[in-house]
Trainee: 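Below: one structure in structure tokens.
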Amino acid sequence: MSDAAVPRPAGVEGVFVRRSSGLTRLVSPLDALMFSSMNPGLTNNFIFMMWAMYLYPGVNYPIAIIFVLLMLPISILYWFFSMAMPRSGGEYIYITRTLHPAIGFMGSAVITLLVGTTLGLNTDWATLYGLAGGFAGIALQPGHQWAVGVSDFFYSQWGRTIVGTISMVMLAYLWIRGTKWVMRYSWAVVAITAVGLIWALIEVIAAGGQAGFIAGWNALSDVSYNDVLKMASDKGFVISYLAMPTLMAGLTYAALNTLGWTFSSNIAGEIRDVRKSQFFALVGALLVLMVSWIFGSQLLYSAIGGDFMSAMNQILHSAPESYPAIMKGQEPIFTLLLGFMTNNVPFLMFFLFMFWISTWATPVGMGYGCLRNIFAWSFDRILPARFAELDKRYHSPVLTIIVYCTIGEIFLNLYIWHSQFMAFGAYWVMAFFVIWILLGITGVLFPLRRKNMFDMAAPLVKAKFLGVPVIAIMGGYTAILCVAVEIFILQPFLQGLTPWTELITVSIMFIVPLIGYYVSKAYRAHSAVPLDAQFTQIPPE
């Protein structure tokens, strides 16, 4: 769809900071697929699995991942909106042009700030679970005691701070180099992760599967494999499969793991052949992710045992005094546990590197999408025009990148030096689904409130089922599903497993952008063009 297909108010000039965005369409359909596949972090599955086993005792995580299929209608909603308004900014563009500018800015600002926190959080996860956990696994091998000191360094606060800060500088450099470099990184991440998981399967088979792990564990640990299971049972922990916890984990932590695959919509202004590319990115990538996560989690279950993993996680969090000493207090992450199964050090080195690069992909991809959110706000004049300025060489918003990486560095240090901020992950997912509820409502109202845009959109966007626009059906489904997810997310709060205090923080995150929007609107009221003028049309290409 071209801008010419969208009616523009007569006599409105200068509603945007310039006549052209300056962004170029460099992203191919396959690039978009790789970008959306790496965004949630292909190895985050192993991290969320640990937490789900503690918060939802009785979960069978490979089965829980199947509930990711429930996200497909959300993919279709984003796909339709990307075709109707093919510009960078994602939810910001859709909601401001349909529901209300203040609500759209609020939602986009919350997502952007939430992802800003994950720049630090996921960077720290990459160090903590990839490097510290991986070298701890290598340290279990005969003749590799040197790895103990390396693991301890990466596990220490200063080690995590140093590695995280270097990673943040690398992130800024990669973003400044622009879209082509981010797409190349996407391809590399997906390829390296695939090699790592296939190699892990080979190692598991060579070790004799779960029997190999049990033998290795019993040879090194102060508590036998069966004693871990008995200890958990004696303490009343649920470690066997239950249907309801599996459903709840599927609608929360499995769904949480998908957050990021929709960020191709945030860079839509740089994507060629939007209809094909966004189908690959929004529908294709979700299926790729689901298959890879089922493969990875089933691999872990086959190698380690789901009951054992569940027991270890519940003992760690609810009876830490009984946690096996061999673990040195570290969470039972796959990178570490593989060291009990195999003595193939080259494989263990590759796997920890794969885990690091894939986990770090989350800030690379999601953060890059949010840079385009900030760009869109500035292009609409909510923020100063400087945030929409592009570097002449790399066509990147350098000021925005510096500011955003600074935010990431701040949260990196908060997570490392003030561990209570780690609990924030349980809250920001709640905020994310609130925004998807708003997006669902936007989908329902789009054919009614923006009938001109709807009528002039691509034929697929105007498709109807029993006389009802499909985009409205997908919007209604999205809103209802996300309300259900919010109810399930509240269960750990209701059970006292996670504190309520951070809910205040989340509330503030919604209030501040609303205030910011109206402050900007009051400021622009003194200019020649009121702030609301641009929200009747999509931005120029």
Side-chain angles (χ1 to χ4, degrees), residues 6 70-87 89-114 251-252 255-256 258-259 261-263 265-266 268 278 282 369 373 376-377 380 382 428-455 457 460-490 506-507 509-511 513-514 517-518 532 534-538:
V6 181
L70 295 174
M71 312 298 281
L72 274 174
I74 301 178
S75 291
I76 295 172
L77 178 63
Y78 270 99
W79 182 35
F80 279 22
F81 268 131
S82 294
M83 288 186 286
M85 304 181 219
R87 298 293 182 270
E91 303 87 356
Y92 168 76
I93 297 295
Y94 315 147
I95 299 176
T96 56
R97 270 63 182 178
T98 305
L99 203 55
H100 193 279
I103 295 175
F105 177 67
M106 175 193 70
S108 181
V110 170
I111 287 178
T112 303
L113 180 57
L114 293 175
L251 290 177
T252 54
L256 166 62
T258 66
L259 300 185
W261 104 94
T262 62
F263 275 59
S265 66
N266 300 78
Q278 293 291 47
L282 296 167
N373 290 350
W377 308 341
D380 274 351
I382 294 176
W428 73 257
V429 63
M430 180 178 291
F432 214 113
F433 281 105
V434 169
I435 295 155
W436 271 0
I437 292 171
L438 296 175
L439 182 69
I441 295 170
T442 301
V444 172
L445 295 179
F446 176 65
L448 301 173
R449 290 179 60 87
R450 283 291 178 261
K451 192 174 185 303
N452 57 338
M453 290 187 185
F454 177 75
D455 289 342
L460 192 58
V461 178
K462 295 183 289 185
K464 294 184 179 181
F465 179 74
L466 299 178
V468 181
V470 174
I471 192 171
I473 296 173
M474 296 300 101
Y477 173 93
T478 297
I480 293 170
L481 175 67
C482 292
V483 168
V485 171
E486 294 286 29
I487 293 171
F488 286 126
I489 290 174
L490 281 172
V506 173
S507 299
M509 290 176 62
F510 280 91
I511 294 170
L514 277 177
Y517 171 81
Y518 284 106
D532 289 343
Q534 68 272 29
F535 297 117
T536 59
Q537 55 188 297
I538 64 172

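One-based numbering along the sequence shown. Predicted, not measured: the structure shown is a model, and the values here were computed from it.
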Trainee: Under the side-chain contact (heavy atoms from CB on, under 4.5 Å) rule, what do L438 and M106 come out as? Steps first, then yes or no, please.
Mentor: CA-CA 11 Å; L438 296 175; M106 175 193 70; 3.8 Å; yes
Trainee: Identify the two heavy atoms, one from G89 and one from N373, that lie closest to each other, and give their separation to 0.1 Å.
Mentor: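 Taking every non-hydrogen atom into account, O-OD1, 3.1 Å.
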Trainee: If you take all heavy atoms of I538 and P86, which pair is closest and at what distance?
Mentor: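 Smallest interatomic distance, heavy atoms only, reads CD1-CD, 4.3 Å.
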Trainee: Kindly write out the residues that satisfy side chain to side chain donor-acceptor pair (under 3.5 Å) with S108, not counting sequence neighbours, or none if the list is empty.
Mentor: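 In terms of side chain to side chain donor-acceptor pair (under 3.5 Å), with neighbours along the sequence ignored, S108 is linked to W377.
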Trainee: Are I471 and P447 side-chain neighbours, meaning at least one heavy-atom pair lies under 4.5 Å?
Mentor: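 With C-beta onward as the side chain, the pair touches.
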Trainee: Restricting to non-hydrogen atoms, name the atom on V110 and the atom on A431 that form the minimum distance, rounded to 0.1 Å.
Mentor: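 For V110 versus A431, the nearest heavy atoms are CG1-CB, 4.1 Å.
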Trainee: Check whether any side-chain N or O of R450 sits under 3.5 Å from a backbone N or O of T98 as a donor-acceptor pair, and report yes or no.
Mentor: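 Not confirmed, R450 side chain does not pair with T98 backbone.
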Trainee: Could you please spell out the steps behind the side-chain contact (heavy atoms from CB on, under 4.5 Å) verdict for K462 and V470?
Mentor: CA-CA 7 Å; K462 295 183 289 185; V470 174; over 6 Å; no
Trainee: Determine, step by step, whether L481 and M71 satisfy the side-chain contact (heavy atoms from CB on, under 4.5 Å) criterion, reporting the C-alpha distance in whole Å, the side-chain angles of both residues, the deciding distance to 0.1 Å, and the verdict.
Mentor: CA-CA 9 Å; L481 175 67; M71 312 298 281; 4.2 Å; yes
Trainee: Let me confirm one number: the OG-CG distance from S82 to N266, rounded to the nearest 0.5 Å.
Mentor: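 The CG atom of N266 is 8.5 Å from OG of S82, to the nearest 0.5 Å.
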Trainee: For the CE atom of M453 and the CZ atom of R97, what is their distance to the nearest 0.5 Å?
Mentor: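 Answer for the CE-CZ pair, M453 versus R97, is 7.0 Å.
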Trainee: Rounded to the nearest 0.5 Å, how far apart are CG of L514 and CD1 of I103?
Mentor: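 With rounding to 0.5 Å, CG (L514) is 8.0 Å from CD1 (I103).
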Trainee: What residues, two or more places apart in sequence or in another chain, satisfy ring-ring contact (aromatic ring centres under 6.0 Å, His included) together with F80?
Mentor: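 Partners of F80 under the ring-ring contact (aromatic ring centres under 6.0 Å, His included) test: none.
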Trainee: Run the numbers on Y78 and W436 for side-chain contact (heavy atoms from CB on, under 4.5 Å), then give the verdict.
Mentor: CA-CA 10 Å; Y78 270 99; W436 271 0; 2.8 Å; yes
Trainee: Hey, can you tell me if H100 and Y518 have their rings parallel, tilted or perpendicular (30° and 60° cut-offs)?
Mentor: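 Rings of H100 and Y518: tilted, 30 to 60°.
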Trainee: Quick one: are I74 and M474 in side-chain contact, heavy atoms under 4.5 Å?
Mentor: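 No, every pair of side-chain atoms sits at 4.5 Å or beyond.
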Trainee: Give the minimum heavy-atom separation between V444 and G476, together with the two atoms involved.
Mentor: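 Closest pair (atom of V444, atom of G476, distance): CG2-N, 3.3 Å.
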Trainee: According to ring-ring contact (aromatic ring centres under 6.0 Å, His included), who are the partners of F81, at least two apart in sequence or on a separate chain?
Mentor: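 In terms of ring-ring contact (aromatic ring centres under 6.0 Å, His included), with neighbours along the sequence ignored, F81 is linked to Y94, F446.
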Trainee: Compare all side-chain heavy atoms of I435 with those of F510 and state whether any distance is below 4.5 angstrom.
Mentor: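 Side-chain contact under 4.5 Å: yes.
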Trainee: Let me see the working for W79 and S265 under side chain to side chain donor-acceptor pair (under 3.5 Å), right down to the final yes or no.
Mentor: CA-CA 8 Å; W79 182 35; S265 66; over 6 Å; no
Trainee: Please report the interatomic distance CG(L114) to CZ(F432), rounded to the nearest 0.5 Å.
Mentor: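 Separation between the atoms: 7.5 Å.
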Trainee: Would you say Y92 and D380 are linked by a side-chain donor-acceptor pair, where the criterion is simply a distance under 3.5 Å?
Mentor: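 On atom types as modelled, these side chains qualify, holding a pair under 3.5 Å.
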Trainee: Could you check whether any side-chain heavy atom of Q278 comes within less than 4.5 Å of a side-chain heavy atom of M83, counting everything from C-beta outward?
Mentor: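 Result no, sub-4.5 Å side-chain heavy-atom pair not found.
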Trainee: What's the shortest heavy-atom distance between I437 and C482, and which atoms?
Mentor: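 Distance-wise, the nearest heavy atoms are CG1-CB, 3.5 Å.
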Trainee: How many angstroms lie between atom CG of L439 and atom CZ of F433, to the nearest 0.5 angstrom?
Mentor: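 It comes to 12.5 Å.
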Trainee: Taking T442 for the side chain and I95 for the main chain, is one N or O donor matched with an acceptor at less than 3.5 Å?
Mentor: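 Absent.
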Trainee: What is the distance from atom OG1 of T96 to atom CD1 of I382, rounded to the nearest 0.5 Å?
Mentor: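 Between T96 OG1 and I382 CD1, I get 7.5 Å after rounding to 0.5 Å.
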